[in-house]
Number of protein chains: 2
Amino acid sequence: MTPRGRPRSFDRDAVLQQAMRMFWERGYESTSLADLTSATGLKPPSLYAAFGSKEGLFREAVELYTRTDGALTGTALDGGPTAREAVGRMLRENACGYTEDGRPPGCMIVLAATTCAAENESVRQLLADTRADTLRSIRARLERGVADGDLPAGTDTGQLADFYGTVLFGLSIRARDGASREALLRVADSAMHAWDALTGGTGPAAPDD
Amino acid sequence: MTPRGRPRSFDRDAVLQQAMRMFWERGYESTSLADLTSATGLKPPSLYAAFGSKEGLFREAVELYTRTDGALTGTALDGGPTAREAVGRMLRENACGYTEDGRPPGCMIVLAATTCAAENESVRQLLADTRADTLRSIRARLERGVADGDLPAGTDTGQLADFYGTVLFGLSIRARDGASREALLRVADSAMHAWDALTGGTGPAAPDD
DNA sequence: CCGTTTGTATAGCGATCGCTAAATAATTAC
DNA sequence: GTAATTATTTAGCGATCGCTATACAAACGG
(Lines give C-alpha, C1' and ligand atoms only; values in the text may rest on other atoms or scores of the structure.)
Protein backbone atom coordinates (compact mmCIF):
# COMPACT_ATOMS: atom_id res chain seq x y z
CA MET A 1 0.00 0.00 0.00
CA THR A 2 2.87 2.39 -0.77
CA PRO A 3 1.54 5.71 -2.05
CA ARG A 4 2.19 6.45 -5.70
CA GLY A 5 3.70 9.59 -7.15
CA ARG A 6 5.99 12.12 -5.61
CA PRO A 7 5.85 12.06 -1.82
CA ARG A 8 4.73 15.14 0.11
CA SER A 9 7.74 17.08 1.33
CA PHE A 10 6.14 18.64 4.44
CA ASP A 11 4.46 17.46 7.62
CA ARG A 12 0.76 17.93 7.03
CA ASP A 13 -0.06 17.82 10.75
CA ALA A 14 2.58 20.39 11.60
CA VAL A 15 1.27 22.72 8.91
CA LEU A 16 -2.28 22.27 10.17
CA GLN A 17 -1.15 23.10 13.68
CA GLN A 18 0.55 26.28 12.51
CA ALA A 19 -2.57 27.25 10.60
CA MET A 20 -4.71 26.61 13.68
CA ARG A 21 -2.52 28.93 15.69
CA MET A 22 -2.83 31.71 13.16
CA PHE A 23 -6.61 31.35 12.87
CA TRP A 24 -6.79 31.30 16.67
CA GLU A 25 -4.74 34.44 16.96
CA ARG A 26 -6.13 36.55 14.10
CA GLY A 27 -9.44 34.93 13.24
CA TYR A 28 -10.59 33.41 9.97
CA GLU A 29 -10.89 36.39 7.67
CA SER A 30 -7.86 38.26 8.95
CA THR A 31 -5.58 35.31 8.32
CA SER A 32 -4.61 35.55 4.66
CA LEU A 33 -3.19 32.93 2.37
CA ALA A 34 -0.02 35.00 2.29
CA ASP A 35 0.15 34.78 6.10
CA LEU A 36 -0.25 31.02 5.97
CA THR A 37 2.23 30.41 3.16
CA SER A 38 4.90 32.67 4.63
CA ALA A 39 4.54 31.05 8.05
CA THR A 40 4.65 27.50 6.74
CA GLY A 41 7.05 27.99 3.84
CA LEU A 42 4.55 26.25 1.58
CA LYS A 43 3.49 27.61 -1.79
CA PRO A 44 -0.24 28.09 -2.39
CA PRO A 45 -0.63 25.02 -4.67
CA SER A 46 0.77 22.75 -1.96
CA LEU A 47 -1.64 24.15 0.60
CA TYR A 48 -4.56 23.73 -1.79
CA ALA A 49 -3.57 20.21 -2.76
CA ALA A 50 -3.47 19.24 0.91
CA PHE A 51 -6.50 21.10 2.28
CA GLY A 52 -8.68 22.08 -0.68
CA SER A 53 -9.37 25.69 0.22
CA LYS A 54 -8.89 28.27 2.94
CA GLU A 55 -12.23 27.27 4.42
CA GLY A 56 -11.29 23.59 4.25
CA LEU A 57 -8.07 24.33 6.09
CA PHE A 58 -10.02 26.29 8.69
CA ARG A 59 -12.50 23.47 9.19
CA GLU A 60 -9.64 21.06 9.83
CA ALA A 61 -8.09 23.62 12.16
CA VAL A 62 -11.35 23.76 14.11
CA GLU A 63 -11.39 19.96 14.36
CA LEU A 64 -7.80 19.98 15.58
CA TYR A 65 -8.61 22.66 18.13
CA THR A 66 -11.58 20.76 19.51
CA ARG A 67 -9.44 17.62 19.70
CA THR A 68 -6.63 19.37 21.59
CA ASP A 69 -7.02 22.70 23.44
CA GLY A 70 -10.79 22.58 23.12
CA ALA A 71 -10.98 19.08 24.58
CA LEU A 72 -10.22 20.55 28.00
CA THR A 73 -13.89 21.40 28.48
CA GLY A 74 -15.01 17.82 27.91
CA THR A 75 -12.34 16.23 30.06
CA ALA A 76 -12.95 18.68 32.89
CA LEU A 77 -16.68 17.97 32.76
CA ASP A 78 -16.02 14.24 32.80
CA GLY A 79 -13.46 14.60 35.56
CA GLY A 80 -15.49 15.84 38.49
CA PRO A 81 -17.33 13.32 40.68
CA THR A 82 -20.35 15.62 40.97
CA ALA A 83 -21.95 18.00 38.48
CA ARG A 84 -20.96 20.90 40.67
CA GLU A 85 -17.32 19.96 40.78
CA ALA A 86 -17.31 19.17 37.09
CA VAL A 87 -18.72 22.56 36.06
CA GLY A 88 -16.40 24.34 38.50
CA ARG A 89 -13.42 22.52 37.08
CA MET A 90 -14.55 23.25 33.55
CA LEU A 91 -14.63 26.99 34.21
CA ARG A 92 -11.38 27.10 36.16
CA GLU A 93 -9.39 24.97 33.77
CA ASN A 94 -10.58 27.02 30.83
CA ALA A 95 -9.66 30.18 32.74
CA CYS A 96 -6.15 28.71 32.96
CA GLY A 97 -6.11 27.53 29.35
CA TYR A 98 -7.21 30.95 28.12
CA THR A 99 -4.26 32.60 29.83
CA GLU A 100 -1.53 30.09 29.07
CA ASP A 101 1.79 31.67 28.11
CA GLY A 102 2.70 31.25 24.48
CA ARG A 103 -0.88 30.71 23.34
CA PRO A 104 -3.38 33.19 21.96
CA PRO A 105 -5.62 34.27 24.85
CA GLY A 106 -9.21 33.04 24.83
CA CYS A 107 -10.93 30.30 22.87
CA MET A 108 -10.57 30.00 19.11
CA ILE A 109 -14.15 28.81 18.75
CA VAL A 110 -15.49 31.91 20.46
CA LEU A 111 -13.18 34.49 18.92
CA ALA A 112 -12.24 33.48 15.38
CA ALA A 113 -15.41 34.60 13.58
CA THR A 114 -17.91 36.51 15.72
CA THR A 115 -18.72 38.64 12.68
CA CYS A 116 -17.86 38.11 9.03
CA ALA A 117 -18.72 38.98 5.46
CA ALA A 118 -21.85 37.37 4.03
CA GLU A 119 -19.74 35.10 1.85
CA ASN A 120 -18.16 33.54 4.95
CA GLU A 121 -21.38 32.97 6.86
CA SER A 122 -20.78 29.21 6.70
CA VAL A 123 -17.61 29.68 8.73
CA ARG A 124 -19.38 31.72 11.39
CA GLN A 125 -22.10 29.08 11.48
CA LEU A 126 -19.54 26.32 11.96
CA LEU A 127 -18.28 28.06 15.08
CA ALA A 128 -21.81 28.79 16.29
CA ASP A 129 -22.62 25.09 15.91
CA THR A 130 -19.48 24.17 17.83
CA ARG A 131 -20.48 26.55 20.62
CA ALA A 132 -23.89 24.88 20.69
CA ASP A 133 -22.06 21.57 21.12
CA THR A 134 -20.36 23.02 24.19
CA LEU A 135 -23.68 24.01 25.72
CA ARG A 136 -24.99 20.51 25.05
CA SER A 137 -21.92 18.98 26.70
CA ILE A 138 -22.49 21.02 29.82
CA ARG A 139 -26.13 20.11 29.85
CA ALA A 140 -25.34 16.42 29.39
CA ARG A 141 -23.06 16.55 32.42
CA LEU A 142 -25.81 18.17 34.46
CA GLU A 143 -28.26 15.48 33.37
CA ARG A 144 -25.81 12.93 34.64
CA GLY A 145 -25.72 14.81 37.91
CA VAL A 146 -29.48 14.46 38.15
CA ALA A 147 -29.21 10.76 37.35
CA ASP A 148 -26.44 10.37 39.92
CA GLY A 149 -28.52 12.16 42.50
CA ASP A 150 -26.14 15.03 43.15
CA LEU A 151 -28.63 17.39 41.49
CA PRO A 152 -32.34 17.58 42.40
CA ALA A 153 -34.69 15.77 40.06
CA GLY A 154 -36.50 18.90 38.90
CA THR A 155 -33.33 20.81 37.97
CA ASP A 156 -33.63 22.90 34.80
CA THR A 157 -30.44 21.61 33.23
CA GLY A 158 -30.95 23.64 30.06
CA GLN A 159 -31.09 26.91 31.93
CA LEU A 160 -28.13 25.97 34.12
CA ALA A 161 -26.05 24.95 31.10
CA ASP A 162 -26.96 28.17 29.29
CA PHE A 163 -25.79 30.20 32.27
CA TYR A 164 -22.45 28.50 32.74
CA GLY A 165 -21.88 28.38 28.99
CA THR A 166 -22.51 32.09 28.71
CA VAL A 167 -19.98 32.73 31.49
CA LEU A 168 -17.51 30.47 29.66
CA PHE A 169 -17.92 32.43 26.41
CA GLY A 170 -17.54 35.70 28.27
CA LEU A 171 -14.23 34.51 29.68
CA SER A 172 -12.78 34.41 26.16
CA ILE A 173 -13.63 38.05 25.51
CA ARG A 174 -12.04 39.02 28.81
CA ALA A 175 -8.97 36.90 28.18
CA ARG A 176 -8.45 38.51 24.76
CA ASP A 177 -8.79 41.89 26.46
CA GLY A 178 -5.82 40.99 28.61
CA ALA A 179 -7.48 39.86 31.84
CA SER A 180 -5.14 37.91 34.11
CA ARG A 181 -5.55 34.26 34.97
CA GLU A 182 -6.35 35.26 38.54
CA ALA A 183 -9.08 37.64 37.38
CA LEU A 184 -10.66 34.90 35.24
CA LEU A 185 -10.43 32.41 38.08
CA ARG A 186 -12.24 34.87 40.33
CA VAL A 187 -14.99 35.15 37.71
CA ALA A 188 -15.25 31.35 37.57
CA ASP A 189 -15.42 31.26 41.34
CA SER A 190 -18.10 33.95 41.35
CA ALA A 191 -20.19 32.00 38.86
CA MET A 192 -20.01 28.93 41.07
CA HIS A 193 -21.42 30.99 43.93
CA ALA A 194 -24.75 30.93 42.08
CA TRP A 195 -24.83 27.14 42.20
CA ASP A 196 -26.75 26.63 45.44
CA ALA A 197 -29.32 29.25 44.60
CA LEU A 198 -29.78 27.81 41.10
CA THR A 199 -30.03 24.20 42.17
CA GLY A 200 -32.24 24.72 45.17
CA GLY A 201 -29.34 24.56 47.56
CA THR A 202 -30.13 20.97 48.39
CA GLY A 203 -26.97 19.51 46.85
CA PRO A 204 -23.76 18.69 48.70
CA ALA A 205 -21.65 21.59 49.91
CA ALA A 206 -19.07 23.15 47.60
CA PRO A 207 -15.68 21.45 47.71
CA ASP A 208 -12.75 23.62 48.51
CA ASP A 209 -10.39 22.90 45.63
CA MET B 1 -21.65 82.27 10.06
CA THR B 2 -23.02 80.75 6.87
CA PRO B 3 -20.71 77.99 5.68
CA ARG B 4 -18.75 78.81 2.55
CA GLY B 5 -18.45 76.63 -0.51
CA ARG B 6 -20.79 74.03 -1.89
CA PRO B 7 -23.12 72.65 0.78
CA ARG B 8 -23.03 68.96 1.63
CA SER B 9 -25.76 67.13 -0.22
CA PHE B 10 -26.31 64.32 2.32
CA ASP B 11 -27.24 63.97 5.98
CA ARG B 12 -24.00 63.24 7.78
CA ASP B 13 -25.76 61.83 10.84
CA ALA B 14 -27.93 59.53 8.75
CA VAL B 15 -24.89 58.21 6.90
CA LEU B 16 -23.06 57.67 10.20
CA GLN B 17 -26.02 55.74 11.52
CA GLN B 18 -26.10 53.52 8.46
CA ALA B 19 -22.37 52.90 8.79
CA MET B 20 -22.81 52.02 12.46
CA ARG B 21 -25.43 49.47 11.56
CA MET B 22 -23.17 47.82 9.00
CA PHE B 23 -20.18 47.72 11.36
CA TRP B 24 -22.48 46.34 14.05
CA GLU B 25 -23.77 43.62 11.75
CA ARG B 26 -20.58 42.56 9.93
CA GLY B 27 -17.77 43.91 12.06
CA TYR B 28 -15.02 46.36 11.17
CA GLU B 29 -12.90 44.45 8.70
CA SER B 30 -15.74 42.67 6.94
CA THR B 31 -17.49 45.93 6.16
CA SER B 32 -15.86 47.22 2.99
CA LEU B 33 -15.84 50.68 1.54
CA ALA B 34 -17.89 49.28 -1.32
CA ASP B 35 -20.48 48.06 1.21
CA LEU B 36 -20.64 51.50 2.78
CA THR B 37 -20.82 53.47 -0.45
CA SER B 38 -23.43 51.22 -2.02
CA ALA B 39 -25.59 51.36 1.13
CA THR B 40 -25.37 55.12 1.50
CA GLY B 41 -25.26 56.08 -2.16
CA LEU B 42 -22.19 58.18 -1.46
CA LYS B 43 -19.04 58.06 -3.55
CA PRO B 44 -15.76 57.35 -1.76
CA PRO B 45 -14.47 60.96 -1.91
CA SER B 46 -17.58 62.21 -0.10
CA LEU B 47 -17.16 59.62 2.64
CA TYR B 48 -13.51 60.50 3.04
CA ALA B 49 -14.16 64.24 3.08
CA ALA B 50 -16.69 63.75 5.86
CA PHE B 51 -14.99 61.09 8.00
CA GLY B 52 -11.32 61.00 7.05
CA SER B 53 -10.84 57.25 6.75
CA LYS B 54 -12.55 53.94 7.30
CA GLU B 55 -11.14 53.84 10.81
CA GLY B 56 -12.27 57.42 11.46
CA LEU B 57 -15.77 56.49 10.37
CA PHE B 58 -15.66 53.44 12.63
CA ARG B 59 -14.52 55.48 15.61
CA GLU B 60 -17.43 57.85 15.12
CA ALA B 61 -19.73 54.86 14.73
CA VAL B 62 -18.50 53.53 18.07
CA GLU B 63 -19.16 56.90 19.68
CA LEU B 64 -22.65 56.94 18.20
CA TYR B 65 -23.29 53.41 19.44
CA THR B 66 -22.20 54.22 22.97
CA ARG B 67 -24.40 57.33 22.89
CA THR B 68 -27.45 55.40 21.72
CA ASP B 69 -27.87 51.63 21.96
CA GLY B 70 -24.85 51.30 24.22
CA ALA B 71 -26.13 53.94 26.63
CA LEU B 72 -28.67 51.42 27.88
CA THR B 73 -26.09 49.95 30.23
CA GLY B 74 -25.38 53.26 31.91
CA THR B 75 -29.01 54.29 32.24
CA ALA B 76 -30.01 50.89 33.62
CA LEU B 77 -27.20 51.08 36.18
CA ASP B 78 -28.27 54.57 37.18
CA GLY B 79 -31.92 53.56 37.25
CA GLY B 80 -32.10 51.05 40.07
CA PRO B 81 -32.44 52.27 43.65
CA THR B 82 -29.99 49.63 44.90
CA ALA B 83 -26.86 48.15 43.37
CA ARG B 84 -28.57 44.81 43.13
CA GLU B 85 -31.55 46.15 41.24
CA ALA B 86 -29.30 48.27 39.04
CA VAL B 87 -27.12 45.34 37.97
CA GLY B 88 -30.16 43.14 37.47
CA ARG B 89 -31.77 45.76 35.27
CA MET B 90 -28.55 46.25 33.36
CA LEU B 91 -28.38 42.56 32.46
CA ARG B 92 -32.07 42.20 31.67
CA GLU B 93 -32.36 45.34 29.57
CA ASN B 94 -29.28 44.38 27.58
CA ALA B 95 -30.75 40.90 27.10
CA CYS B 96 -33.73 42.67 25.55
CA GLY B 97 -31.63 45.12 23.54
CA TYR B 98 -29.52 42.29 22.14
CA THR B 99 -32.62 40.56 20.79
CA GLU B 100 -34.56 43.54 19.48
CA ASP B 101 -36.23 42.91 16.12
CA GLY B 102 -34.64 44.77 13.24
CA ARG B 103 -31.29 45.19 14.98
CA PRO B 104 -28.15 43.10 14.74
CA PRO B 105 -28.16 40.70 17.69
CA GLY B 106 -25.61 41.31 20.43
CA CYS B 107 -23.45 44.31 21.23
CA MET B 108 -21.37 46.04 18.59
CA ILE B 109 -18.60 46.77 21.09
CA VAL B 110 -18.24 43.08 21.93
CA LEU B 111 -18.62 41.63 18.44
CA ALA B 112 -17.21 44.04 15.84
CA ALA B 113 -13.51 43.22 16.23
CA THR B 114 -12.71 40.32 18.56
CA THR B 115 -9.85 39.38 16.23
CA CYS B 116 -8.26 41.36 13.43
CA ALA B 117 -5.19 41.77 11.26
CA ALA B 118 -2.14 43.35 12.89
CA GLU B 119 -2.68 46.54 10.91
CA ASN B 120 -6.08 47.02 12.59
CA GLU B 121 -4.95 46.38 16.14
CA SER B 122 -5.84 49.97 17.06
CA VAL B 123 -9.45 49.23 16.22
CA ARG B 124 -9.51 46.11 18.38
CA GLN B 125 -7.90 48.12 21.17
CA LEU B 126 -10.55 50.82 20.89
CA LEU B 127 -13.24 48.23 21.53
CA ALA B 128 -11.24 46.61 24.32
CA ASP B 129 -10.92 50.02 25.98
CA THR B 130 -14.64 50.59 25.60
CA ARG B 131 -15.32 47.22 27.21
CA ALA B 132 -13.04 48.24 30.08
CA ASP B 133 -15.18 51.37 30.44
CA THR B 134 -18.21 49.13 30.86
CA LEU B 135 -16.53 47.18 33.65
CA ARG B 136 -15.61 50.46 35.35
CA SER B 137 -19.21 51.67 35.07
CA ILE B 138 -20.49 48.55 36.76
CA ARG B 139 -17.88 48.85 39.47
CA ALA B 140 -18.72 52.51 40.01
CA ARG B 141 -22.37 51.59 40.54
CA LEU B 142 -21.34 48.95 43.06
CA GLU B 143 -19.18 51.47 44.88
CA ARG B 144 -22.22 53.69 45.14
CA GLY B 145 -24.09 50.74 46.59
CA VAL B 146 -21.45 50.45 49.27
CA ALA B 147 -21.67 54.17 49.94
CA ASP B 148 -25.47 53.97 50.04
CA GLY B 149 -25.30 51.09 52.47
CA ASP B 150 -27.10 48.54 50.30
CA LEU B 151 -23.82 46.64 49.89
CA PRO B 152 -21.55 45.60 52.80
CA ALA B 153 -18.53 47.80 53.40
CA GLY B 154 -15.99 45.10 52.58
CA THR B 155 -17.52 44.15 49.22
CA ASP B 156 -14.96 43.37 46.50
CA THR B 157 -16.56 45.61 43.88
CA GLY B 158 -13.87 44.86 41.32
CA GLN B 159 -14.47 41.13 41.46
CA LEU B 160 -18.23 41.60 41.39
CA ALA B 161 -18.04 43.98 38.42
CA ASP B 162 -15.74 41.57 36.56
CA PHE B 163 -18.22 38.75 37.05
CA TYR B 164 -21.30 40.61 35.88
CA GLY B 165 -19.36 42.22 33.05
CA THR B 166 -18.17 38.82 31.87
CA VAL B 167 -21.76 37.55 31.88
CA LEU B 168 -22.78 40.66 29.92
CA PHE B 169 -20.12 40.03 27.27
CA GLY B 170 -21.12 36.39 27.06
CA LEU B 171 -24.69 37.43 26.33
CA SER B 172 -23.55 39.06 23.08
CA ILE B 173 -22.00 35.84 21.83
CA ARG B 174 -25.16 33.94 22.69
CA ALA B 175 -27.38 36.56 21.08
CA ARG B 176 -25.36 36.44 17.85
CA ASP B 177 -25.70 32.67 17.94
CA GLY B 178 -29.46 33.11 17.83
CA ALA B 179 -30.42 32.69 21.49
CA SER B 180 -33.92 33.96 22.24
CA ARG B 181 -34.68 36.92 24.46
CA GLU B 182 -36.21 34.56 26.98
CA ALA B 183 -33.07 32.42 27.06
CA LEU B 184 -30.90 35.50 27.65
CA LEU B 185 -33.25 36.76 30.35
CA ARG B 186 -32.94 33.40 32.08
CA VAL B 187 -29.16 33.73 31.99
CA ALA B 188 -29.42 37.22 33.48
CA ASP B 189 -31.72 35.86 36.16
CA SER B 190 -29.32 33.02 36.87
CA ALA B 191 -26.42 35.44 37.26
CA MET B 192 -28.41 37.46 39.77
CA HIS B 193 -28.88 34.30 41.83
CA ALA B 194 -25.20 34.57 42.73
CA TRP B 195 -25.75 37.97 44.29
CA ASP B 196 -26.42 36.98 47.87
CA ALA B 197 -23.57 34.51 47.98
CA LEU B 198 -21.20 37.07 46.44
CA THR B 199 -22.20 39.92 48.69
CA GLY B 200 -22.39 38.01 51.91
CA GLY B 201 -26.15 37.68 51.71
CA THR B 202 -26.60 40.58 54.09
CA GLY B 203 -28.22 42.94 51.59
CA PRO B 204 -31.95 43.45 51.09
CA ALA B 205 -33.92 40.63 49.46
CA ALA B 206 -34.14 40.41 45.69
CA PRO B 207 -37.02 42.42 44.21
CA ASP B 208 -39.47 40.57 42.06
CA ASP B 209 -39.47 42.69 38.89
C1' DC C 1 -19.85 89.38 -13.16
C1' DC C 2 -15.24 87.09 -10.71
C1' DG C 3 -12.51 84.52 -7.42
C1' DT C 4 -12.63 81.56 -3.50
C1' DT C 5 -14.17 77.73 -1.16
C1' DT C 6 -16.10 73.40 -0.48
C1' DG C 7 -18.50 69.09 -2.16
C1' DT C 8 -19.34 65.62 -5.71
C1' DA C 9 -18.37 62.54 -9.70
C1' DT C 10 -15.28 60.00 -12.64
C1' DA C 11 -11.82 57.17 -12.93
C1' DG C 12 -8.31 54.55 -11.35
C1' DC C 13 -4.16 54.05 -8.23
C1' DG C 14 -0.97 50.25 -6.03
C1' DA C 15 -1.66 46.47 -3.02
C1' DT C 16 -3.65 42.47 -1.62
C1' DC C 17 -7.34 38.96 -1.84
C1' DG C 18 -8.21 33.67 -2.62
C1' DC C 19 -6.91 30.75 -5.96
C1' DT C 20 -4.95 28.16 -10.24
C1' DA C 21 -2.84 26.88 -15.07
C1' DA C 22 1.33 25.14 -16.74
C1' DA C 23 5.83 23.40 -16.31
C1' DT C 24 8.97 20.70 -13.70
C1' DA C 25 10.51 17.24 -10.16
C1' DA C 26 10.20 12.96 -7.66
C1' DT C 27 8.36 8.81 -6.83
C1' DT C 28 6.01 3.87 -8.05
C1' DA C 29 4.46 0.27 -11.45
C1' DC C 30 5.82 -2.32 -15.03
C1' DG D 1 14.56 1.76 -19.09
C1' DT D 2 9.11 3.98 -20.01
C1' DA D 3 4.66 5.35 -18.48
C1' DA D 4 1.81 6.87 -14.89
C1' DT D 5 1.05 9.41 -10.78
C1' DT D 6 1.51 12.91 -7.47
C1' DA D 7 4.00 17.18 -5.46
C1' DT D 8 6.26 21.47 -6.00
C1' DT D 9 7.59 25.71 -8.37
C1' DT D 10 6.81 29.67 -11.09
C1' DA D 11 4.01 32.94 -12.45
C1' DG D 12 0.02 35.29 -12.51
C1' DC D 13 -5.20 35.21 -12.93
C1' DG D 14 -9.57 38.29 -12.05
C1' DA D 15 -11.55 40.52 -8.18
C1' DT D 16 -11.52 43.38 -4.45
C1' DC D 17 -9.13 46.14 -0.91
C1' DG D 18 -8.74 51.17 1.13
C1' DC D 19 -8.01 55.28 -0.82
C1' DT D 20 -7.12 59.50 -3.96
C1' DA D 21 -5.81 62.74 -8.14
C1' DT D 22 -8.29 65.34 -11.10
C1' DA D 23 -12.03 67.65 -13.06
C1' DC D 24 -16.40 69.57 -12.48
C1' DA D 25 -20.48 71.63 -9.70
C1' DA D 26 -22.61 74.65 -6.34
C1' DA D 27 -22.49 77.68 -2.84
C1' DC D 28 -20.24 82.09 -0.83
C1' DG D 29 -18.13 87.27 -0.64
C1' DG D 30 -16.92 90.98 -3.35
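In the text below, chain A, chain B and the rest are named by the order of the sequence lines, each starting its count at 1. Only heavy atoms go into these numbers, but all of them, side chains included; no hydrogens, no water, no symmetry mates.
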Roughly, in whole Å, what's the span from CZ in A/Phe10 to P in C/dA26? 16 Å

In whole Å, I'd like the distance from the CG atom of B/Leu47 to the C1' atom of D/dG18. 12 Å

CD of A/Glu55 versus P of C/dG18: gap in Å, rounded? 13 Å

Would you check if there is a donor-acceptor pair between the side chains of A/Thr73 and A/Asn94 at a distance under 3.5 Å? yes

Kindly state which residues belonging to residues 20-37 of chain A come within less than 4.0 angstrom of DNA chain C, counting heavy atoms of the residue only, listed by number. A/Thr31, A/Ser32, A/Leu33, A/Ala34

Given D/dG18, C/dC19, C/dT27, identify the nucleotide with an atom nearest to the side chain of A/Pro7. C/dT27

Residues B/Asp35 and B/Ser32: side-chain donor-acceptor under 3.5 angstrom: yes

Protein-nucleotide distance (A/Arg8, atom CZ; C/dA26, atom P), rounded to Å: 17 Å

A/Phe23: partners by ring pair (Phe, Tyr, Trp, His ring centres under 6.0 Å), with sequence neighbours left out: A/Tyr28, A/Phe58

Could you check whether B/Arg139 and B/Thr157, counting side-chain N and O atoms only, form a donor-acceptor pair closer than 3.5 Å? yes

Residues at least two apart in sequence or cross-chain that pass side-chain hydrogen bond (donor to acceptor under 3.5 Å, both in side chains) with B/Arg176, listed by chain then number, are none

Do you know which of B/Met108, B/Arg59, B/Gln17 makes side-chain contact (heavy atoms from CB on, under 4.5 Å) with B/Leu64? B/Gln17

Hey, which sits more toward the 5' end of DNA chain C by its nearest nucleotide, B/Ala49 or B/Arg4? B/Arg4

So, applying side-chain contact (heavy atoms from CB on, under 4.5 Å) with A/Thr155, which one of A/Leu160, A/Leu198, A/Leu142 is it? A/Leu160

Starting from the C-alpha separation in whole Å, work towards a yes-or-no answer on side chain to side chain contact (heavy atoms under 4.5 Å, CB included) for A/Ile173 and B/Thr114. CA-CA 7 Å; A/Ile173 302 286; B/Thr114 51; 4.0 Å; yes

Is the distance between the ring centroids of B/Phe163 and B/Trp195 less than 6.0 Å? no

Let me spell it out: for each of B/Tyr48 and B/Gly5, pick the nucleotide of DNA chain D with the closest heavy atom. Which residue's pick is nearer the 5' end? B/Tyr48

Can you check the B/Arg12 CZ to C/dG7 P distance for me, whole Å? 11 Å

To check you understand the geometry: which heavy-atom pair defines the closest contact between B/Ala183 and A/Asp162, and what is its length? CB-OD2, 4.3 Å

How does each nucleotide of nucleotides 9-15 of chain C score, in 5' to 3' order, for protein heavy atoms under 4.0 Å: base (B), sugar-phosphate only (S), or none (-)? BB-----

Checking B/Glu182 now: which residues fulfil side chain to side chain contact (heavy atoms under 4.5 Å, CB included) with it, not counting sequence neighbours? B/Ser180, B/Arg186

Please list residues of residues 115-126 of chain B whose heavy atoms come under 4.0 Å from any atom in DNA chain D, ordered by number; otherwise none. none

